[in-house]
Amino acid sequence: MTSTQKRDFLYVFDYQPLDEFRNEIRLLTLQNIDYGLKAEDCVLDHTSSDGTAVVCCRIDHASLSQPPPYKGLSYCWGDRSNSCTIHLNGAEVQVTKNLKAALRELGGKESVCLWVDALCINQYDLDERSRQVLRMAEIYKKASETICWLGIEAADSSLAFDLIQILSKVNNDSTSAQYEEALMRLYRPSETHRYDAHWTAILLLFRRPYWKRVWITQEIVSSGQVWIRCGPRCAIWEDVVRAVTSVPTAGGRSQLSVVTQAFSPNLASMGNVVTIDALRGFTQEAKSRSEYVSLLNAMNRSNTALATISSDKVYALLAITKDGQDLIPRPDYELSADELCIKTTSAIIAASADLDIICYAKASSRKTLPSWVPDWTGLLNPMSMARENAGRENLYNATGSSRGGKYLTMPHTGEFLDKGLVLKVRGFVLDVVNGLGAVESAAVEPETVDLEDESRINVEKQESCGLLQPEPEQNRSQYGSEHAVFRALWMSLVLGDRDEHTDGSEFLNSLYVVQASNNKAVANNVDVFIQPWYSINKTFEIHGRALSHWFRIFTADPTRSERDMTDLTHEELTFLEEISLATTHKRLIFTREGYLGMAPHRSRKGDKICLLLGCRVPVILRERSEGGHELVGEVYVHGVMKGEALTDANFKRLEDFCIH
């Protein structure tokens, strides 16, 4: 144990080794004076040396094969440097205040048997911790129930539980129309505003740190009966799910916008509830482990969750996925975060012959990682087309079957070099970036540059933000007519996420408003970020004509300039929202051969647009001065996303790329 660990979380307890042959675990029994303990040692209303009430517990070993009845505790550790004392087998042990609060609340007149990770696993025996982490899914599965501890009663949390029960009952017993009417009565009763405090309380409840933990995914997914508890109040998991799914479901109805606007800052935490419940459904309905979700799927779904130990964002999911323990047989807490990310990515590529995973990488990930390795311990690319494709079969399939059906999906045929740090793949250069649209500097992720090379810094800044016009002599076209060019433009702005038969009329109307509207409604609309993007890109030239020209000549409804943004149809607003999201994370490009598309902010003129075997979306590769290539990121190129570029001529140009 290092001195830092001792300062963070002090255990003064002599753990006895677990018998692996007996499949042993430790169980924690909360004790009380009624059960023969001396009052001076263990009375819950006495105080310990740190000034808080005493909590006395006993640790025993039990076989997980035939355990006594026990409950699983799911909770957020909290600040480990801010600890307090409990009594464990007669010894004083330091635990976090949140854990002690949970133990105090759960203790009562009768002894309670619990499994608590912080105390039932010797946290400083890395070998034991690695073995026990793999058993946690089974531990929670065999518990009589799991208690999810949100923390002490505070911020009117009791009112939040009242509202959860009401929402659950209304949602469960009512038709859609009845539910909408009931919800409106709850949120805005005619005069009294009786439930305003309840709505505020439920919003605060879902802001609690518990909902951000990655471990709750495994703990809840693996458990049978689950109770959500805050102070003395509790609700069964199914009621919480029904309550949470109620508000987003109603959000599309205009008269309920006041509800969803209030909830929007907390939808991430509420979305976690829905995600966990979906995984719980997959797991509990599966007849065998082969029907569980994949590790990649689970990491994708839980990416925004947090972990005290960053590697747990991977390890916490191994036991609840169909391939997790095949890819990573055992957690290794001696691996660095970089080593774990490389190991995980390499294992998935080797097992699947699928390169889509390299597009999950975020531009601002740690520079110590190879460019092809996503940071599984941090945040993934939030607008990755490959991630979207994973949930929607064949939305993109650039290296899948061609239109004529001649080519089947092409598997990855590469290898790992230089001790696994370099990925060698086959593919071909489709085109080269010729022009780049502008992006607001505030939207560009910070990037490490050589501070001794001022000219390089200036180039990085210009090419990460500023508009760079295509070379005029290279204005070729892949699309033919002006109508086809404009279709390629608006399809690029929504990353091709529309049916190929869609005529785009609703998109044209909304684009005209973006271009022409100067009314105050723009400033107040949720899509206000569209206007700044258009203002810095309207001079971007496509075939020698500015973007404003292309928008203007194809506007479907000239009277739109007289209408407010709030008068747009639902389809038009949806289109603007999708443009806003796409242009926040990508920038418009025009290629040397006349393709239009959307590329990462970091793209530069001269970057190669490549199709790699086994990767369903095109990528941008940049030559390194020291040899090989760097992966800049994925790119949408209109006209090649369904395999149109898989021709005999292109396959004759296959070459190897070494990505560092």
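These numbers come from the heavy atoms of this one structure, side chains and all, not from hydrogens, waters or symmetry mates. Fair warning: this is a prediction, and the values are worked out from it, not measured in the lab. Throughout, residue positions are numbered sequentially from 1 according to the sequence presented.
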Check: [X]/[Y] side-chain N/O donor and acceptor closer than 3.5 Å:
X      : Y      : result
Asn98  : Trp149 : yes
Thr377 : Asp375 : yes
Ser81  : Asp79  : yes
Asp277 : Trp237 : yes

Residue pair [X] / [Y]: nearest heavy atoms and the distance that separates them:
X      : Y      : answer
Gln225 : Ser144 : CB-O, 4.3 Å
His61  : Pro17  : CE1-O, 3.3 Å
Glu105 : Gly231 : CG-O, 3.4 Å

Exceeds 12 heavy-atom contacts within 6.0 angstrom, atom CG of Leu64: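 It does: Leu64 CG has more than 12 such atoms within range.
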Taking atom NZ as the centre, does Lys141 end up with more than 12 heavy-atom neighbours from other residues, nucleotides or ligands that are less than 6.0 angstrom away?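 Count not over threshold, so no.
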State, with a plain yes or no, whether a side-chain heavy atom of [X] is found less than 4.5 Å away from one of [Y].
X      : Y      : result
Leu103 : Leu114 : yes
Thr29  : Val112 : no
Ile25  : Trp115 : yes

Straight-line distance of [X] [atom1] to [Y] [atom2], nearest 0.5 Å:
X      : Y      : atom1 : atom2 : result
Thr217 : Asn272 : OG1   : CG    : 7.0 Å
Leu369 : Glu339 : CG    : CD    : 11.0 Å
Ile164 : Ser157 : CD1   : OG    : 10.0 Å
Tyr315 : Ile309 : OH    : CD1   : 10.5 Å
Asp60  : Leu27  : CG    : CG    : 7.5 Å
Thr321 : Gln218 : OG1   : CD    : 9.5 Å

Take Trp211 and Phe206 through the ring pair (Phe, Tyr, Trp, His ring centres under 6.0 Å) test and state the conclusion after the steps. CA-CA 7 Å; Trp211 300 109; Phe206 283 99; 5.1 Å; yes
Looking at [Y] and [X], is any side-chain nitrogen of the basic one under 4.0 Å from a carboxylate oxygen of the acidic one?
X      : Y      : result
Arg233 : Asp162 : yes
Glu128 : Arg26  : yes
Asp354 : Arg616 : yes
Arg242 : Glu238 : no
Arg131 : Glu20  : yes

Could you list the residues that satisfy side chain to side chain contact (heavy atoms under 4.5 Å, CB included) with Thr283, not counting sequence neighbours? Val221, Tyr292
Side chain to side chain contact (heavy atoms under 4.5 Å, CB included) with Ser130: which residues, sequence neighbours excluded? Arg330, Pro331, Tyr333
Determine, step by step, whether Trp215 and Asp312 satisfy the side-chain hydrogen bond (donor to acceptor under 3.5 Å, both in side chains) criterion, reporting the C-alpha distance in whole Å, the side-chain angles of both residues, the deciding distance to 0.1 Å, and the verdict. CA-CA 8 Å; Trp215 278 109; Asp312 281 341; 3.1 Å; yes
Pair Gln94, Thr85 - check side-chain hydrogen bond (donor to acceptor under 3.5 Å, both in side chains), show working. CA-CA 5 Å; Gln94 299 294 310; Thr85 303; 2.9 Å; yes
Aromatic ring pairing Phe13/Tyr15, orientation class (parallel under 30°, perpendicular over 60°, tilted between):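 If you compare the ring of Phe13 with that of Tyr15, the planes turn out perpendicular.
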Of Arg104, His87, Lys100, the residue whose pairing with Val54 passes side chain to side chain contact (heavy atoms under 4.5 Å, CB included): His87
Does Arg387 form a side-chain hydrogen bond (donor to acceptor under 3.5 Å, both in side chains) with Asn300? I'd like the steps, not just the answer. CA-CA 7 Å; Arg387 289 181 69 192; Asn300 192 10; 2.4 Å; yes
Step by step, would you call Tyr140 with Ser74 a side-chain hydrogen bond (donor to acceptor under 3.5 Å, both in side chains)? CA-CA 9 Å; Tyr140 280 97; Ser74 173; 5.4 Å; no
Step by step, work out the side chain to side chain contact (heavy atoms under 4.5 Å, CB included) result for Val226 and Cys148. CA-CA 7 Å; Val226 176; Cys148 301; 3.5 Å; yes
Treating Glu219 as the side-chain partner and Leu73 as the backbone partner, does any N or O pair qualify as donor plus acceptor under 3.5 Å?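 No; zero donor-acceptor contacts below 3.5 Å.
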